[in-house]
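Everything numeric here is computed off the predicted structure, so don't read it as measured data. Naming convention: chains lettered A, B, ... in sequence-line order (proteins, then strands); numbering from 1 in each chain.
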Number of protein chains: 2
Amino acid sequence: MQLPPLVQTFVLHFGEMGSRWGINRTVGQIYAVLFVAERPLNADEIVERLGVSRSNVSMGLKELQAWNLVRLQHRPGDRRDYFATPEDVWQIVRTLVEERKKREIDPTLTILRELLMQRVETDAERHAQARLGEMHDLFELFTGWYDDMRRLETDRLVQLLSLGTKVQKVLEMKDRLTGRGGRADKRD
Amino acid sequence: MQLPPLVQTFVLHFGEMGSRWGINRTVGQIYAVLFVAERPLNADEIVERLGVSRSNVSMGLKELQAWNLVRLQHRPGDRRDYFATPEDVWQIVRTLVEERKKREIDPTLTILRELLMQRVETDAERHAQARLGEMHDLFELFTGWYDDMRRLETDRLVQLLSLGTKVQKVLEMKDRLTGRGGRADKRD
DNA sequence: TCGTTTTTTCAGAAATTTCTGAAATTGCTA
DNA sequence: TAGCAATTTCAGAAATTTCTGAAAAAACGA
């Protein structure tokens with residue numbers, strides 16, 4: 001592995017982390033290298049930096065492209081493919097969340113909905129169905145929220161996140177000022 | 001596998017999903033079985049339902065316990081260990097997020113901070129460090145937000161999530177009602 | 001303590017995933 | 001279309017993970 005120590009540490013860590021998610025070590029490392037690179041890199045440059053086979057890099061890049069996590073670019077007078085991560089880290093977050101939702105949440109929601117439609121016989125099944133209903137509602141709540149958030153401009157999003165719990169204060173104030181009620185059905 | 005079709009579908013799906021996260025298939029299946037069960041189950045009951053070896057179940061349960069995802073219980077006059085998931089799905093979410101943060105985010109933040117402290121020589125390293133800084137700030141923002149959210153009672157949390165983007169409206173209203181200012185530094 | 005039940009451990013088998021080198025394919029230019 | 005550069009594919013090798021049965025350990029009651 002041909003990298004400055006600082007970068008190497010990061011790349012190795014990111015590789016390990018990647019393998020805790022669905023992504024394998026090499027793919028994580030390729031991503032890390034691209035993330036910190038000063039300019040787009042071609043496959044051979046990645047091979048050089050990571051010391052893995054050319055074919056491995058090819059497959060890894062393909063996977064990253066399937067995740068929309070790297071962008072393919074070209075240099076004038078050079079037929080090789082160059083790869084880069086988006087400059088904007090928020091763009092990366094957005095893509096990552098979107099893709100994970102697509103692969104993990106959406107299919108689960110589909111299955112849950114199917115199972116909740118089924119007519120069942122036994123008590124055990126009825127109980128299972130009730131539990132699945134709880135899970136379903138949870139997922140719906142989260143995806144609904146996410147669907148709202150994704151629409152926000154990054155500035156606004158950051159503003160909201162920075163606010164954190166203080167939002168609660170604002171909500172309480174709203175409750176006071178508007179004389180309660182609204183939509184949230186509380187019953188205290 | 002000895003399960004009603006409805007449950008079996010869910011268990012198989014959850015096993016697959018589990019393996020996209022760091023958790024292996026069997027562990028995911030064990031969890032799914034416990035999640036939909038009407039009562040706590042002992043290891044042999046899980047073996048029966050899933051058709052895997054006793055030792056596999058033992059290891060799986062150990063892992064789930066390490067994740068704090070199952071609770072160990074006892075029945076009077078029965079020495080066997082019984083396992084259950086929390087009744088409250090929100091408790092499950094909280095644990096899951098907390099544990100993943102502990103295993104994935106926190107170590108990454110630690111490494112990022114270390115790398116950002118390092119004195120570097122080359123341009124490439126300086127650029128890498130800048131990128132790592134961006135990632136670090138992002139992680140800090142998220143963990144700060146999470147740290148706020150975890151403190152909220154579930155009701156409030158649900159309220160907030162249901163509100164979604166409307167929070168923004170509430171914020172604007174607040175601005176109007178309180179004559180601007182506050183802490184959120186807007187400058188439009 | 002001994003005998004019984006339950007759980008855990010662990011070495012090796014089985015299964016799966018990852019990685020490689022060689023060959024095939026693609027795409028370009030002359 | 002021949003020749004070259006770049007990329008992709010893929011069968012099998014290598015590495016890793018998962019799973020099992022057997023044995024050990026732990027927990028308990030008599």
Side-chain angles (χ1 to χ4, degrees), chain A residues 1-2 11-12 14-34 40-67 69-84 103, chain B residues 1-2 11-12 14-34 40-67 69-84 103:
Chain A
M1 196 178 277
Q2 199 54 276
V11 166
L12 291 176
F14 211 83
E16 291 314 319
M17 276 308 149
S19 65
R20 296 219 182 162
W21 293 52
I23 282 167
N24 82 44
R25 186 161 60 255
T26 306
V27 174
Q29 291 181 354
I30 293 174
Y31 192 79
V33 163
L34 292 177
L41 302 179
N42 66 43
D44 284 322
E45 290 171 321
I46 298 170
V47 166
E48 205 174 277
R49 282 163 166 71
L50 292 181
V52 298
S53 74
R54 180 55 233 263
S55 52
N56 200 358
V57 168
S58 177
M59 293 191 298
L61 286 170
K62 231 184 114 196
E63 180 159 359
L64 286 171
Q65 282 177 284
W67 276 82
L69 282 170
V70 296
R71 244 165 260 303
L72 174 59
Q73 298 182 11
H74 282 107
R75 292 164 91 71
D78 186 340
R79 342 217 288 249
R80 285 170 296 181
D81 294 339
Y82 283 78
F83 298 89
R103 286 154 212 253
Chain B
M1 195 178 275
Q2 200 52 279
V11 166
L12 291 177
F14 211 83
E16 290 315 316
M17 277 308 150
S19 64
R20 297 219 183 162
W21 294 50
I23 284 167
N24 82 43
R25 188 161 60 255
T26 306
V27 174
Q29 291 180 354
I30 293 174
Y31 191 80
V33 162
L34 292 176
L41 302 179
N42 66 44
D44 284 322
E45 289 171 322
I46 298 170
V47 167
E48 205 175 278
R49 283 164 165 72
L50 292 182
V52 298
S53 76
R54 181 52 233 262
S55 52
N56 200 357
V57 169
S58 177
M59 292 190 297
L61 286 170
K62 232 183 113 200
E63 180 160 358
L64 286 172
Q65 281 177 285
W67 277 82
L69 282 171
V70 296
R71 246 166 258 304
L72 174 58
Q73 299 182 10
H74 283 106
R75 293 163 91 71
D78 186 339
R79 338 215 292 250
R80 286 169 296 181
D81 294 338
Y82 283 78
F83 298 88
R103 285 155 211 252

Can you tell me if the side-chain N/O atoms of B:Lys62 get under 4.0 Å from OP1 or OP2 in C:dT7?
-> no

Looking only at side-chain N and O atoms, does B:Thr26 come under 4.0 Å of OP1 or OP2 in D:dC19?
-> yes

Given C:dT7, is OP1 or OP2 found less than 4.0 Å from the side-chain N or O atoms of B:Ser58?
-> no

Within-4.5 Å side-chain heavy-atom neighbours: B:Arg75 and B:Arg80 = no

Is a donor-acceptor contact shorter than 3.5 angstrom present between the side chain of B:Ser55 and the base of D:dG21?
-> yes

Rounded off to whole Å, could you give me the OH-to-C1' distance for the A:Tyr82 and D:dA5 pair?
-> 13 Å

Touch check for A:Asp81, heavy atoms < 4.0 angstrom, all strands: base, sugar-phosphate only, or nothing?
-> sugar-phosphate

Could you check if a side-chain atom of B:Val33 sits within less than 4.5 angstrom of a side-chain atom of B:Leu41, using non-hydrogen atoms only?
-> yes

Any side-chain N or O of A:Asn42 less than 4.0 Å from the OP1 or OP2 oxygen of D:dT7?
-> no

Residue B:Ser53, side-chain heavy atoms: nucleotide from D:dT8, D:dC19, C:dC19 that is nearest = D:dC19

Presence of donor-acceptor pair under 3.5 Å, side chain of B:Arg79 and base of D:dA27 | yes

Atom CE of A:Met59 and atom C1' of D:dT9 are separated, to the nearest Å, by 9 Å

Side-chain heavy-atom pair A:Ile46, A:Leu34 within 4.5 angstrom cut-off | yes

Min side-chain heavy-atom separation B:Arg49-B:Met1 under 4.5 Å | no

Any side-chain heavy-atom pair of A:Leu72 and A:Tyr82 under 4.5 Å | no

What is the distance from CZ of A:Arg25 to C1' of D:dA14, rounded to the nearest Å?
-> 12 Å

Would you mind classifying the nucleic acid contact of A:Arg80 as base, sugar-phosphate or nothing, using non-hydrogen atoms under 4.0 angstrom?
-> sugar-phosphate

Please report, rounded to the nearest Å, how far the P atom of C:dT18 is from the CG atom of A:Leu64.
-> 13 Å

Please work out if A:Asn56 contacts a base, only the sugar-phosphate, or nothing of the nucleic acid, heavy-atom cut-off 4.0 Å.
-> base

Value in whole Å for how far the C1' atom of C:dT6 lies from CG of B:Asp78 = 10 Å

Could you tell me the separation between the NE2 atom of A:His74 and the P atom of C:dC28, rounded to a whole number of Å?
-> 8 Å

Just to confirm, is there a sub-4.0 Å distance from OP1 or OP2 of D:dT7 to any side-chain nitrogen or oxygen of A:Arg54?
-> yes

Between C:dT6 atom C1' and B:Ile46 atom CD1, what is the distance in whole Å?
-> 14 Å

How long is the line joining CD of A:Glu16 and C1' of D:dT16, in whole Å?
-> 12 Å

